[in-house]
Number of protein chains: 2
Amino acid sequence: MTDDPYQSRVGQQWEAADRVDPVIWPGGHGPLSEDQLASFARDGFLVLPGWVERTAVRCALDEAARIAHDRAGTEEVVAEPDSDVVRSLFRVHRSSAVAAALARSERLAGVASQILGSDVYVHQSRVNYKPALDGREFFWHSDFETWHVEDGMPRMRAVSASICLTESTEFNGPLMLVPRSHRTFIRCVGETPPEHYKQSLRRQQVGVPSADALAHLVDGAGIVAPKGPAGTVVFFDCNTMHGSTGNLSPSPRTNLFFVFNSVENRLVDPFGGMPPRPEHIATREVQPLRLA
Amino acid sequence: MTDDPYQSRVGQQWEAADRVDPVIWPGGHGPLSEDQLASFARDGFLVLPGWVERTAVRCALDEAARIAHDRAGTEEVVAEPDSDVVRSLFRVHRSSAVAAALARSERLAGVASQILGSDVYVHQSRVNYKPALDGREFFWHSDFETWHVEDGMPRMRAVSASICLTESTEFNGPLMLVPRSHRTFIRCVGETPPEHYKQSLRRQQVGVPSADALAHLVDGAGIVAPKGPAGTVVFFDCNTMHGSTGNLSPSPRTNLFFVFNSVENRLVDPFGGMPPRPEHIATREVQPLRLA
């Protein structure tokens, strides 16, 4: 008997459980309008075209490329499953001054703070490259499921910002989301292998919904894949089901990704009982962002 | 020195060569209008929504499912690269009466005969299942490149029909085509390994364009991915560059695929010098279709 409302990877069968946390936490203020907040609360995500200016996008891309090159071979650089091409660069809010400045901006941390009703800190940051032709899919998942089981995030009080550093089109493997899926917690099947993250960051196979569970969420709600120019930002709730297909286009689809967690939701021991994942994937050091 | 205008897989560097064959061959007649023929000639493909009626679609799906079950374990049934789920069922124009009837219909063989200016026969047929969640990508390729090198098809005088047996959406890995790419033959890099088809039917890695070559074709032309209800047919030229992403949706994307070759373009020895691929992938027996 457990009193964890978000228990997962323990049963033989998937289950749909109700979310017990708010989506918009009381007391926040920031740049979003009431309508935008209501839309986020209803759908579990919000698309803001051109939210980050082009110059910042260009600087972030250039700096990330330099850092990925300098840190090749370290654990912050993750390769594609079928090649040595860079798939993700982790912890960019520490290694990149441009990313750090973006993270604490009113338009990113300010929005997160408004949604979560508290100060926030960066739980995880990364650049996902999705290189042309070589960029493989990210299978469907709720981030919160992994963060709860593998990192010890207690409640659904975190929000992600995905910033398009390149244009997002129908053909370069854009982010796909299941509207309203954030209101349901899918308990996944399967046991977590040791050091699961070393595999899952390349191709995730545990902590993902079964075909039935996904069909349950998509039924009536459909799937959306926001498109937009570089600088477009998609904010999405930590429990919104999302994924993306491979990139078969001749252009990369590169995103800068920040996870903002509430300072009142700091990590505890992982609920799955294994050792926590390393610091560059899920920081345990809470440094509240001072808005720039 | 060779006089083969479509030599491929011999050099260290890709090359773009001009097509030396017509797209619409003289003397044909059939159900397409002059405008439709002109559109096919210009783009290298033609989309006909609802071209095959729903009842035939339903019967074809049901019969293919029975045959795939009955023939499990034979070489006509090809599995997905990462699972045992059926990816393709070959030679359905011989094993399925429904598929055979569709193949020789005015709306399929009749169109092929109109485009190719001669009687036609089925060079290859298959059902591509692209199952929900498990269905992996088909990398970009020109069919003709493979058929010329591995099967011995002399000229660009074949046309494919891809019949949607399920709805084709943005999210279930629809066919993607590069408009006007049929006018350029891309000589590919790489040597063909023995029995290449055993690997390539699951995941093709030889006889595919490099990133540069693909960018050359896509530049200015873009990519299109026709969507439509079950029964929609896409006719495309044997040299049109095409591919499709994986299917991350909870619904399968199943297509019935016929290749019609001109009876005046019968296979010779493979231009790549290897033994021909087996009969169920590329028939060497020319049986002109008698239109139903």
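By convention in this document, chain letters (A, B, ...) are assigned in the order of the sequence lines, proteins followed by strands, and residues within each chain are numbered from 1.
Ranking B:A225, B:S251, B:A132 against chain A, the residue ahead of the rest is B:A225, based on heavy-atom pairs under 4.5 Å.
Centroid-to-centroid, the aromatic rings of A:F40 and A:F45 stay 6.0 Å apart or farther.
Residue A:T169 does not touch chain B at all, counting heavy-atom pairs closer than 4.5 Å. There is no contact between B:V208 and chain A, counting heavy-atom distances below 4.5 Å.
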Before giving the answer on salt bridge (charged side-chain N to carboxylate O under 4.0 Å, His left out), spell out for B:R9 and B:E145 the whole-Å C-alpha distance, their side-chain angles and the decisive distance to 0.1 Å.
CA-CA 9 Å; B:R9 308 187 199 178; B:E145 197 275 349; 2.7 Å; yes
Step by step, would you call B:K130 with B:S244 a side-chain hydrogen bond (donor to acceptor under 3.5 Å, both in side chains)?
CA-CA 10 Å; B:K130 193 75 76 88; B:S244 61; 2.9 Å; yes
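Using modelled atom types, no side-chain atom of A:R126 and backbone atom of A:I281 make a donor-acceptor pair closer than 3.5 Å.
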